[in-house]
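Below is one structure, written out as structure tokens, with a few remarks after it.
For ligands, and for the atoms within them, numbers begin at 1 and follow the listed sequence.
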Amino acid sequence: MGEAISVEELQLAARNHGMPLEALRWDLTPIGLHYLLTHYDIPDVDPEDWRLSLDGLVERPLTLSLAELRERPAVEVAVTMECAGNGRARIEPHVVSQPWLYEAVGTALWRGASLGALLQDAGVEEGATDVLFTALDRGVEGGEEQAYARSLPLAEALREDVVLAYEINGVPLPPQHGFPLRLVVPGWYGMTSVKWLERVTLVDEPFDGYQMSHSYRLRQEEDEEGIPLDRIEVRALMVPPGIPEFLTRSRIVEAGACVLHGRTWSGAAEVAGVDVSTDGGETWSEAELAPPTLGPWAWRAWRYVWSAEQGEHELCCRARDAAGNEQPLEPAWNVGGYANNAVQRVPVTVPA
Ligand SMILES: Nc1nc2c(c(=O)[nH]1)N[C@H]1C(S)=C(S)[C@@H](COP(=O)(O)O)O[C@H]1N2
Ligand SMILES: [Mo]
């Protein structure tokens with residue numbers, strides 16, 4: 001990597017931690033190891049006073065307490081969530097923001113009320129096209145004071161697996177993951193899954209706030225309109241094998257049979273396969289892909305047995321999906337440093 005990260009970026013990185021890659025071993029990421037991305041501060045919410053408002057283009061505006069949301073039929077879905085900025089720190093020239101390498105990902109079992117069922121109860125009026133989600137956390141970004149807020153097209157909001165979640169992995173949401181209630185939109189990059197929800201508003205056009213019109217767009221120029229980010233691009237990651245060297249994190253692996261394993265996911269289409277290279281991408285072999293045991297929105301396991309021989313090696317894994325997308329070998333630059341799903345490279349030494 002070229003340019004060094006700044007103290008300001010380190011300040012963000014210390015608040016917003018990633019998932020250690022060895023945690024790829026678990027189907028569901030232990031809560032404290034799930035990645036975290038919070039633009040502003042974690043808000044202080046008293047669950048007794050808290051209410052969710054559902055308003056805008058609906059026949060019957062609703063105000064719901066947490067107890068009322070918990071009384072509704074529950075939906076549970078395993079979701080691999082990934083930040084759209086994952087991979088940003090490997091893009092050149094350097095993009096200043098949260099400096100993720102590979103680890104802005106995690107898989108959780110989210111439980112909550114169906115958003116679609118709630119919208120049905122409120123009665124969506126004709127002319128509504130989008131749903132705006134407004135959160136309690138506030139800050140200044142791009143010189144603009146704002147509450148974190150994003151909208152989602154109505155058709156996506158009505159999908160049966162879109163959840164207003166009050167539980168993660170069987171326990172109430174912890175403060176950092178959106179207590180008392182967050183949106184979870186399976187298959188979409190993490191910015192869509194608004195935490196600390198306060199208000200859901202039916203509107204007749206996409207919201208044009210900062211997190212929609214400035215952030216989370218693929219652009220080559222600052223002043224270009226660009227393309228909004230939505231579905232998660234295909235990716236595979238491996239648990240780095242052997243043991244790490246403390247500072248460089250390079251790996252030391254014993255000679256002989258070494259099981260390489262990891263996870264693969266895509267929000268756009270089913271994963272079709274994972275290939276592994278042990279020579280820096282010169283040659284590739286197909287890994288064994290496990291069935292989607294956690295359902296359609298969560299990662300799948302893969303494995304490959306490598307005969308490790310003495311010397312220096314670079315291990316890579318590369319996934320492709322049923323829509324014909326394949327991870328690129330090199331990152332592509334864009335203004336926000338988003339959606340860099342270039343293949344993971346793991347330098348390994350096999351001593352004599
Ligand atoms: N209210 C609110 N929701 C938010 C954010 C935020 O800063 N505030 N960050 C978003 C981003 S960019 C991501 S990647 C995910 C991260 O969710 P997690 O911290 O639970 O992993 O939350 C999204 N929802
Ligand atoms: Mo994110």
Q. Does Ser213 reach the main-chain N or O of Gly209 with its side chain, forming a donor-acceptor pair under 3.5 Å?
A. yes
Q) At a 4.0 Å threshold, what atoms of ligand 1 neighbour a non-hydrogen atom of Tyr216? A) 12 (S)
Q: Please step through salt bridge (Lys or Arg N to Asp or Glu O under 4.0 Å) for the pair Arg320 and Glu286, ending with a clear verdict.
A: CA-CA 11 Å; Arg320 49 200 147 77; Glu286 185 145 15; 3.3 Å; yes
Q: Heavy-atom contacts with Met81 under 4.0 Å: which atoms of ligand 1 show up? List them by number with element.
A: 17 (O)
Q: May I ask you to establish whether Arg318 and Trp284 are in a cation-pi arrangement, using a distance under 6.0 Å from NZ or CZ to the six-membered ring centre and at most 45° from the ring axis?
A: yes
Q. By number and element, which atoms of ligand 1 are closer than 4.0 Å to a non-hydrogen atom of Ala135?
A. 1 (N)
Q) Quick one: nearest non-hydrogen protein atom to atom 9 (N) of ligand 1, plus distance? A) Leu37 O, 3.2 Å
Q) Quick one: is the NZ or CZ of Arg263 closer than 6.0 Å to the six-membered ring centre of Trp26, and within 45° of its axis? A) no
Q: Please report the closest heavy-atom contact between Asn16 and Leu37, naming both atoms and the distance.
A: OD1-CA, 3.4 Å
Q. Of the listed options (Arg182, His17, Glu82, Glu198), which comes nearest to atom 17 (O) of ligand 1 when hydrogens are ignored and any heavy atom counts?
A. Arg182
Q) Looking at side-chain heavy atoms only, is the closest gap between Asp130 and Phe207 below 4.5 Å? A) no
Q | Taking every non-hydrogen atom, the tightest pair across Ile232 and Thr80 | A | CD1-O, 3.7 Å
Q) Which ligand 1 atoms does His34 reach within 4.0 Å, using its non-hydrogen atoms? A) 21 (O)
Q: Flag yes if more than 12 heavy atoms outside Glu309 fall under 6.0 Å of its CD atom; otherwise flag no.
A: no
Q: Please report which non-hydrogen protein atom sits nearest to atom 15 (C) of ligand 1, along with the residue it belongs to and the distance in Å to one decimal place.
A: Gly190 O, 3.4 Å
Q) Which residue and non-hydrogen atom of the protein lie closest to atom 16 (C) of ligand 1, and at what distance in Å? A) Tyr35 OH, 3.5 Å
Q. Of the listed options (Val105, Leu36, Asp137, Val184), which comes nearest to atom 8 (N) of ligand 1 when hydrogens are ignored and any heavy atom counts?
A. Asp137
Q: Considering the heavy atoms of Thr38, write down every atom of ligand 1 situated less than 4.0 Å from one of them.
A: 7 (O)
(Q) Counting only nitrogen or oxygen atoms and a 3.5 angstrom limit, does Trp196 reach ligand 1? (A) no
Q: May I ask you to check if ligand 1 and Lys195 share an N or O to N or O distance below 3.5 Å?
A: yes
Q: Report the nearest protein non-hydrogen atom to atom 7 (O) of ligand 1: residue, atom name, distance rounded to 0.1 Å.
A: His39 N, 2.8 Å
Q. Taking Tyr148 as the fixed residue, which of His39, Arg138, Glu141 is the one that meets the side chain to side chain contact (heavy atoms under 4.5 Å, CB included) rule?
A. His39
Q: Specify the protein heavy atom at minimum distance from atom 11 (C) of ligand 1: its residue, its atom name, and the distance to 0.1 Å.
A: Met191 CA, 3.7 Å
Q. Going by distance alone, is a donor N or O of one side chain under 3.5 Å from an acceptor N or O of the other, for Thr201 and Asp55?
A. yes
Q. Nearest protein heavy-atom contact for atom 10 (C) of ligand 1: which residue, which atom, what distance?
A. Tyr148 OH, 3.6 Å
Q | Proximal ligand 1 atoms for Ser193, defined as those under 4.0 Å from one of its heavy atoms | A | 22 (O), 23 (C), 24 (N)
Q.
Under 4.0 Å, heavy-atom basis, I'd like to know which part of Cys83 is in contact with ligand 1: side chain, backbone, both or neither.
A. both
Q: Kindly assign one of parallel, tilted or perpendicular to the pair Tyr338 and Tyr216, based on the angle between their ring planes and the thresholds 30° and 60°.
A: tilted
